[in-house]
2 protein chains.
Amino acid sequence: MIELEQILKKNNVKPTAMRLLVLQFLLNKKSAISLTDVEEYFVKSDRTTLYRTLKTFVESELAHKIDDGTGVTKYALCEENCHCEIDTDLHLHFHCKLCNETSCLTDHKIPNISLPKNFIAEDVNLVVKGICNKCNSN
Amino acid sequence: MIELEQILKKNNVKPTAMRLLVLQFLLNKKSAISLTDVEEYFVKSDRTTLYRTLKTFVESELAHKIDDGTGVTKYALCEENCHCEIDTDLHLHFHCKLCNETSCLTDHKIPNISLPKNFIAEDVNLVVKGICNKCNSN
DNA sequence: TAGTGTATGCAATGGAAGTGCATTAATTTG
DNA sequence: CAAATTAATGCACTTCCATTGCATACACTA
């Protein structure tokens, strides 16, 4: 528990009860989760609070925001020492159309992309859709 | 004009007046457009009709749907001979945060992606965000 | 020409993101 | 310690976009 507090403090986020709980929840999830997921888990808490909690996490580089193409924003904790930097920290996301889960393939960094002249890249989003290993083996 | 009809017929889409107009509109656009863009252009037509027209185009592989991370679905005509196939047809999209335009970098195919064992890729979406060449030169 | 199927238009719904404001909790400062 | 300031939370509401149901209009076929 104390560890959780440390994580938040390290990123200059005040460790409120709500934030600790949401952080814990995210830690337990292997796949990326949506605001609705969090909302369904913390029924007693308000949607807005959860929304802002996630927003705070993203702004303080504790979590990253994932657009997996489903139209619903997903969130996942950053890896240790992640600064959400292009070329080094950004990885591939995989969305399974069967189980509907979006997972972070953190080992799969985004390949180097050459852009036409005068284009400046600031962020890259790479999402692969298909069938994940779990669903494939069933 | 007759050309437009041919395009539709080739993809088994009945060439109605509305569809011809929307197709024409898409042809004139270099960047990907949203339903709202189309709606603003064809003020007299109904949103639903335009929505379904675009949907029809996507389903008949005349256009592809782009999720550029803005939260608004964009559409762009497929290239000649496109079958929306992974590895050969899918290309990079670039979203400029200044002019807010999403462009198809059709010359930039998506690099080969190696997935972990038992993952099956069916679709890939690669979006780079930053500043486009036009905005960069101003 | 009648009949069938598709396209269109209108109205309405639903989901998700986001904002404004009042209230409460926490922290700083005199 | 109390007052004052700042931050976090909860509630209500708005907005935006995607999507559907149903009735009408159009087009094609028998």
Side-chain angles (χ1 to χ4, degrees), chain A residues 4-5 7-9 11-25 32-60 62-76 95 97 100 102 125, chain B residues 4-5 7-9 11-25 32-60 62-76 95 97 100-102 125 129:
Chain A
L4 293 177
E5 280 204 37
I7 297 175
L8 290 180
K9 283 181 181 168
N11 289 60
N12 295 315
V13 177
K14 275 193 208 166
T16 67
M18 201 65 251
R19 286 172 181 170
L20 288 167
L21 288 169
V22 174
L23 179 59
Q24 175 86 75
F25 180 70
I33 53 101
S34 68
L35 172 56
T36 307
D37 292 334
V38 186
E39 201 191 350
E40 282 168 1
Y41 188 80
F42 298 104
V43 198
K44 287 190 290 183
S45 183
D46 187 72
R47 177 181 189 84
T48 314
T49 305
L50 298 169
Y51 167 72
R52 287 196 261 239
T53 300
L54 291 172
K55 197 180 174 186
T56 303
F57 284 5
V58 171
E59 283 166 357
S60 45
L62 235 140
H64 59 274
K65 214 173 168 175
I66 305 161
D67 181 351
D68 61 8
T70 57
V72 181
T73 307
K74 302 284 165 62
Y75 303 87
H95 179 76
K97 69 173 187 182
N100 210 31
T102 299
N125 194 30
Chain B
L4 293 177
E5 282 203 36
I7 298 175
L8 291 179
K9 282 181 180 167
N11 289 60
N12 295 315
V13 176
K14 273 193 208 166
T16 68
M18 201 65 252
R19 287 171 180 170
L20 288 168
L21 288 169
V22 173
L23 179 58
Q24 174 87 75
F25 180 70
I33 53 102
S34 67
L35 172 57
T36 307
D37 292 333
V38 186
E39 202 190 350
E40 283 168 1
Y41 188 80
F42 297 104
V43 198
K44 289 189 291 185
S45 183
D46 186 71
R47 179 182 185 83
T48 314
T49 305
L50 298 170
Y51 167 73
R52 287 196 261 235
T53 299
L54 291 172
K55 197 179 174 186
T56 302
F57 284 5
V58 171
E59 283 166 356
S60 45
L62 233 139
H64 59 274
K65 212 172 169 178
I66 305 162
D67 181 352
D68 60 7
T70 58
V72 180
T73 308
K74 301 284 164 60
Y75 303 86
H95 178 75
K97 67 172 186 182
N100 212 32
E101 278 193 7
T102 299
N125 194 32
K129 292 185 198 185

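First the proteins, then the strands, lettered A, B, ... as listed; each starts at 1.
Looking at Tyr41(A) and Phe25(A), their side chains come closer than 4.5 Å, going by heavy atoms from C-beta outward. Side-chain atoms of Leu23(B) and Val13(B), non-hydrogen and from C-beta on, never get closer than 4.5 Å to each other.
Under 4.0 angstrom from either OP1 or OP2 of dT8(C) there lies no side-chain N or O belonging to Arg52(B). Contact between the side-chain N/O atoms of Tyr51(A) and the OP1/OP2 oxygens of dA17(C) is not found at any separation under 4.0 Å. Close to dG9(C), at under 4.0 Å from its OP1 or OP2, lies a side-chain N or O of Ser45(B). When the side-chain nitrogen and oxygen atoms of Thr73(A) are compared with OP1 and OP2 of dA17(C), one or more of them lie within a distance under 4.0 Å. An OP1 or OP2 oxygen of dA27(D) is reached within less than 4.0 angstrom by no side-chain nitrogen or oxygen of Thr16(B).
Here dA17(C) presents its C1' atom at 15 Å from NZ of Lys74(A), a figure rounded to the nearest Å. Asp67(A) has its CG atom 13 Å from the C1' atom of dA16(C), to the nearest Å. The distance from atom NZ of Lys9(A) to atom C1' of dA26(C) is 14 Å, rounded to the nearest whole Å. When the P atom of dC17(D) is taken as reference, atom NZ of Lys65(B) falls 15 Å away, rounded to whole Å. As a whole-Å value, the separation of Asp46(A) CG from dA22(C) C1' is 13 Å. One interatomic measurement links the two molecules: CE of Met18(A) to C1' of dC11(D), which rounds to 16 Å at whole-angstrom precision. Atom CD1 in Ile33(A) sits roughly 13 Å away from atom P in dA16(C) (whole-Å rounding). To the nearest angstrom, C1' of dG18(C) lies 14 Å from CG of Leu54(A).
Residues Gly71(B) and Thr48(B) each lie close to DNA chain D; by heavy-atom proximity, the contact nearer the 5' end of the strand is made by Gly71(B).
Not one N or O on the side chain of Asp68(A) forms a donor-acceptor pair closer than 3.5 Å with the backbone of Lys74(A). Side-chain atoms of Arg47(B) never come within 3.5 Å of backbone atoms of Glu39(B) as a donor-acceptor pair (strictly under, hydrogens ignored).
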message: Checking Leu35(B) against Leu50(B) for the side-chain contact (heavy atoms from CB on, under 4.5 Å) test, could you report, in this order, the C-alpha distance in whole Å, the side-chain angles of both residues, the deciding distance, and whether it holds?
response: CA-CA 7 Å; Leu35(B) 172 57; Leu50(B) 298 170; 3.9 Å; yes
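Across dA8(D), dG10(D), dT8(C), the shortest atom-to-atom separation from the side chain of Arg19(A) is found for dA8(D). Considering only the side chain of Arg47(A), dA16(C) comes nearest among dT8(C), dT19(C), dA16(C). Side-chain proximity of Lys55(A) to the nucleotides dT19(C), dT20(D), dG9(C) is greatest for dT19(C).
No N or O donor and acceptor, one from the side chain of Thr36(B) and one from the base of dC17(D), sit under 3.5 Å apart.
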